[in-house]
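When a ligand or atom number is given, it counts from 1 through the structure's own listing order.
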Amino acid sequence: MRAAKILIACCFAVTVVDAQPPQKKPSAPDIYLVTIDTLRADHVHCYGYERVQTPALDALAKDGIRFAQAFTPSPITNSSHTTILTGLLPSSHGVTDFAVPLAATHPTWAELLKQKGYHTAAFIGAIILDSKSLAPGLDRGFDFYDNFPEHPLTKSRFGRVERRGMDVVQRAEKWMNAHPAGPHFVWVHLYDPHDPYEPPPPYSQMYKDHLYDGEIAYADAALGILLAYLKQQGRYENSAIIVVGDHGEGLGEHHEDTHGIFLYDSTTHVPLIMKLPGHSNAARVVDAQVRTTDIFPTVLDLLHVPAPERLDGESLKPYFGGAECASRTAFGETDYPLRFGWAPLRSVREDRFKFIEAPKPELYDLQKDPGELKNEYSRTNEMVQKGRKLLTDLWAKKPAVAAGSAATASPGAANQLQALGYVGQTETSSTNAPSGLPDPKDKIEEQNLLHTAMIASEDERPAEARSALEKVLQLDSKSPTALKQIGELELKAGEYAKAAAHLKTAREIRPDDATAAFEAGQALEKTDDLGGARDALEASLKLQSSQLPARLLLGQVYLRLNEPKAADDQFEAALLIEPKSVEAQIGAAKTQIAQGNFADAVQQLEGVSKSHPDNVEVFETLAEAYTGAGKREDAQQAESRAKQLQKNKHR
Ligand SMILES: [Zn+2]
């Protein structure tokens, strides 16, 4: 019945006004891609949700084509965006985790359009898509990619890890004003609906009982500003504007508060609206099931750009005129559970059913049960067999090297991830076969608690974070993520013995975690367990040799252990990582002092004191070196300089 309804809706859609003047050949159209993060289709007004105002999206849908049933294969930002920009499933493009570089072999949207003479720029709303840290390779083909500052001046999350939608749009407008020559391909990423839900006024008031919707209304307002700008600049008419959600949000459905773990419609059904150049096909609604892998092939088709050899999607053009009505099979994939040590999930969605491959597989009859509440899985069920076959065929087609290179987020990048509420750590990616790992369905309460703890910790509410983490440990005393998080919390609170105990257990479960080992080293050094600190820091550096703070601390530990030669090795290694590191230079001088080489220490430190005339520790150490060298007057001078600087510091 439903299929018949779709056929009618699709093939006999309203007559379409083609507004293109026949006499003039239009120049190459501008292409604008707007991705709105964490946007559920069923929370947009033109998708039938009454509790939110989204006038910009509604107006764009009137000028273009609204896909009522569009699905992302991935419920997590990096993977889903890479899918939009490459037309490939996560298992094909390989970006199945944060910080995994996009392989150069996959052509991107920006790259192909740049070759066509497009001026390309990207404006991101969260550091999660920063190409310097968490999304390497995503900037390929962009003339300008608006990354976050390496050393942010603000402590607020805005400007440091996140930008408000209006800010992102303003930055895009500024770039377009400075680069008026077209054609343009501009990607704008609006991160606002992502949690924590903190819309600015007046949305914070208007939507005070449902702040997620407030963020959506705000993001829509930012989109409205962008569209008004394009109209004012005369760029709107001859442009293709594509707005799509990167994934949805659990909002507690299936016990998932946010997104990333599951593959239910709550996090995979996204809004997709395409306004075509010259308003062709205005106000059309396509009810057939389509995928976000189809967006990139559609753009290439519109611009007559040859498609890359490998694509997991197909052009949506046949739907525009009603030539095609059939639904397309939508695959789903998430490796995010692996970060917590749980099984990855794979799914197949057709009009009639959804099959989810998991340690405890699931089947939903979408016609009877659109909320995916009643699992009807049985091995012999016809839909299960069909779903399994589709998955097997998909994987059989994949080239052998499908998964991306296993990359670990650097410690800095890991902090940025935490600031955005993403926890867990990189694990080796698996194929579609469910392993002996726990089913995420049995673990989702833990994930919610871990997420709550992360956000609380980021917002300086340590008591709330600790209570959430303790609840996780009650559910699973061996949760490496919870142990590590609580260890970090105690470390921050100065409870070093407690921190050391938690981190010790965390390391026993995950001995390859360089950060946990470094943090254990910090805690042990503070409790004066110098041998323990040395071992933990050596282990950490063996796993990841380029960590400057770990090198510096290990040098200090060796100094305290009266092993100046070993300490010197560490400071030398630190200087190789960061040749200007003042801490490493002071450390190296201290190793000279410890060996009685006062003249060498003096020589080193006099140089450092010139480049760092305001550094207390430089002058304190210099006084020590002068004293050793028998230069009493110089020592006194250095000491009083140190004291003066110390005083200034506390003023
Ligand atoms: Zn996202």
Visitor: Cation-pi check, Arg163 to Phe148: give yes when NZ or CZ is under 6.0 Å from the six-membered ring centre and within 45° of the ring axis, no otherwise.
Guide: yes
Visitor: Backbone or side chain, does His247 get an N/O/S atom under 2.8 Å to the Zn ion (ligand 1)?
Guide: yes
Visitor: Write the atom name of the N, O or S atom in Asp37 that is nearest the Zn ion (ligand 1).
Guide: OD1
Visitor: What pairs with Lys62 under side chain to side chain donor-acceptor pair (under 3.5 Å), at least two apart in sequence or on another chain?
Guide: none
Visitor: Under 3.5 Å, is there a donor-acceptor pair between the Asp195 and His451 side chains?
Guide: yes
Visitor: With the Zn ion (ligand 1) at the apex, how many degrees lie between OD2 of Asp246 and OG1 of Thr77, rounded to 10 degrees?
Guide: 110°
Visitor: Please find out if less than 6.0 Å separates the ring center of Trp175 from that of His184.
Guide: yes
Visitor: Within the stated cut-off of 2.8 Å, is an N/O/S atom of Tyr191 closer than that to the Zn ion (ligand 1)?
Guide: no
